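All chains are named by letter (A, B, ...) in the order of the sequence lines, taking the proteins before the strands, and each is independently numbered beginning at 1. Bear in mind the structure is a predicted one, so any value in this text is a computation, not a measurement.
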Protein chains: 2
Amino acid sequence: MLNWVDGIPADALSVKDRGLAYGDGLFETIAVRSGRAPLLSRHLHRLSDGCQRLGISCDLAMLDAELQRFAAAVGDGVAKFIVTRGDGQRGYAPTTTEQPRRLLQSSAFPTYPPEHAAQGVRLFPCQTRLAEQPLLAGMKHLNRLEQVLARAEWQDAEHGEGLMRDTSGRVIEGVFSNLFLVKDGVLLTADLSRCGVAGVMRAELLERAVSRSISCQVRDIEYAELLAADELFLCNSLFGIWPVRALASRDWPVGPLTRKLQGIIRDLGY
Amino acid sequence: MLNWVDGIPADALSVKDRGLAYGDGLFETIAVRSGRAPLLSRHLHRLSDGCQRLGISCDLAMLDAELQRFAAAVGDGVAKFIVTRGDGQRGYAPTTTEQPRRLLQSSAFPTYPPEHAAQGVRLFPCQTRLAEQPLLAGMKHLNRLEQVLARAEWQDAEHGEGLMRDTSGRVIEGVFSNLFLVKDGVLLTADLSRCGVAGVMRAELLERAVSRSISCQVRDIEYAELLAADELFLCNSLFGIWPVRALASRDWPVGPLTRKLQGIIRDLGY
């Protein structure tokens, strides 16, 4: 396992880092195959967008080069890229003179049960709701206690993911993935302008679906619509697409559009 | 300046710490005078409560002893105490086998302008709203991006603090302090069951006020009530009490109950 801090192998960082103090930073979890990251440009785009929204300076070309160098060193596995605002003094105020810090961490590619992609997963209905905060919505920032609490709600292997709703009850996403519905041939995913993480695989799927003339909608989704969906699936950039086969007392077969979309991303290595 | 990690002088921590990865931990900012922390038991109580809510194991007697040892080494200044869930593997799921990590950091006592306590401060009306998340409300956890964004809204020295409201518009607190109103002789502060940090000075003031037969109410506060208040003040455990003398176009004189309460906490060193 490799760990780099600011481009150099290191296992530790300063106790003064604002990423620790306030979660003042962002991260990306990136699939690396044969030394390359297939969705790298989407990861970098989201990271750069998040830095801009948080007012963290970001040299995109440098991040790109460093990530490519790291991916080559990793070979096959997962590269986690953290960018923080850097060391701070006491107090919340950013000074605009901080030097952002970059952390890269590799891990083995997770070994998911093959039946998750083949037959689908059962979704755990999380009690933890996502708070509505438009200023942070969509970003993959380091304030992730809601996900920690939600993921701690189930330990059994029977549930492959958890469903997260917002505090108003709308359907938003999985704990570590995005959620899509299919209804009458239309592909639906939640609007993430109040909360949620705008996943790179979600973006990739929307683009590929639209280019294949599949109707797509990004909008608010009520819980009743979820239960009435024809197909349901989860996606992220590590596992690709998992059909959802059950939630509470509702069961779904793996649907045709879900299978089609699994095929559509096969060239990316999923 | 002193930095301890797990009770030992150190300036760095593991890159695998979940405090960095997810803000998975809590902190306390503690005033230290002559080697002692006057409000230590309140800080420890809040920290312990937060650990329990997040499912982080916490040996209160050990934290207490370590904090007292650190305060003695600091003498006069500020002790920041961070407790994280400790190192983690990839993924949000806590394993329950993590070893919580303790970080102690000292800094000089902040030098606030003396007129803040004497004549009061002007309050900046922050646009950043606090999201409503009952599961995290009241805790001083490490997910503090809302405070970072709010504190970045003003740079001028004219404003001593910022006012934070929740996404429904209710009055909650300052960016780094709690807020009290006085109306018709009653001391009012916001209910923090949806969002906000339950400050130790807020708790101390409520207890001391009640024991002096001052009527106190903890409840939802609308913005119109704030503007109609007779007196307004901020408090935290570093600066004690600052009267609010202005917000937007409204001005307040320093009121008699505010002055009385400043006197009531003088024995604590404020």
Side-chain angles (χ1 to χ4, degrees), chain A residues 3-5 10-25 27 29 53-55 78 80 82 84-85 89-94 96 103 105 107-108 110 127-136 139 141-152 155 167 175-176 194-195, chain B residues 3-5 10-25 27 29 53-55 78 80 82 84-85 89-94 96 103 105 107-108 110 127-136 139 141-152 155 167 175-176 194-195:
Chain A
N3 292 303
W4 290 5
V5 177
D11 295 323
L13 82 160
S14 161
V15 294
K16 295 287 183 193
D17 195 281
R18 288 175 58 103
L20 172 71
Y22 307 130
D24 195 4
F27 72 111
T29 306
R53 289 172 66 187
L54 294 182
V78 176
K80 182 167 178 173
I82 299 177
T84 77
R85 199 184 300 272
Q89 303 303 314
R90 217 195 58 70
Y92 294 122
T96 73
L103 296 109
Q105 307 173 357
S107 55
Q127 295 299 308
T128 305
R129 298 294 178 97
L130 294 164
E132 298 170 32
Q133 177 50 277
L135 293 175
L136 300 175
M139 271 190 261
H141 54 65
L142 297 174
N143 279 200
R144 298 264 76 106
L145 277 172
E146 291 177 329
Q147 280 72 25
V148 172
L149 291 177
R151 188 57 192 85
Q155 281 80 40
T167 46
V175 177
F176 53 91
R194 297 185 202 88
C195 57
Chain B
N3 293 303
W4 291 5
V5 177
D11 294 323
L13 82 160
S14 161
V15 294
K16 294 289 183 191
D17 195 280
R18 288 175 58 104
L20 171 72
Y22 307 128
D24 195 4
F27 73 109
T29 306
R53 289 173 66 189
L54 294 182
V78 176
K80 182 168 179 173
I82 299 177
T84 76
R85 200 183 300 272
Q89 303 305 312
R90 217 194 58 71
Y92 294 122
T96 73
L103 296 110
Q105 308 173 355
S107 55
Q127 295 298 307
T128 305
R129 298 294 178 97
L130 293 164
E132 297 169 32
Q133 177 50 277
L135 293 176
L136 299 174
M139 270 190 262
H141 54 66
L142 297 174
N143 280 200
R144 299 265 76 107
L145 276 172
E146 290 177 331
Q147 281 72 25
V148 171
L149 291 178
R151 186 59 193 83
Q155 283 80 39
T167 46
V175 177
F176 53 92
R194 295 185 203 89
C195 56

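A:R85 touches chain B through its side chain: at least one heavy atom from C-beta onward sits under 4.5 Å away, while N, CA, C and O do not. Within the 4.5 angstrom heavy-atom criterion, atoms from both the backbone and the side chain of A:Q147 approach chain B. For A:N3, the part lying near chain B is the side chain, with the backbone staying farther off; criterion is any non-hydrogen pair under 4.5 Å. For B:T96, no part lies under 4.5 angstrom from a heavy atom of chain A. Heavy atoms closer than 4.5 Å to chain B are found in the side chain of A:L136, but not in its backbone. For B:L149, the part lying near chain A is the side chain, with the backbone staying farther off; criterion is any non-hydrogen pair under 4.5 Å. For chain A, the nearby part of B:R53 is the backbone; its heavy atoms alone come within less than 4.5 Å. Both the backbone and the side chain of A:V175 come within contact range of chain B, with heavy atoms under 4.5 Å apart.
Using a 4.5 Å heavy-atom threshold, the side chains of A:L103 and A:L13 count as touching.
Between chain A and the options B:Q155, B:Q127, B:Q89, B:E132, heavy-atom pairs under 4.5 Å are most frequent for B:E132.
In this structure, the side chain of A:Y22 does not engage the main chain of A:D17 through any donor-acceptor pair within 3.5 Å.
In this structure B:N143 satisfies the side chain to side chain contact (heavy atoms under 4.5 Å, CB included) test together with A:N143, A:L145, B:H141, sequence neighbours excluded. For A:R90, the salt bridge (Lys or Arg N to Asp or Glu O under 4.0 Å) criterion is met by no residue, not counting sequence neighbours.
The two residues B:P110 and B:V78 come nearest to each other via the heavy atoms CD-CG2, 3.6 Å.
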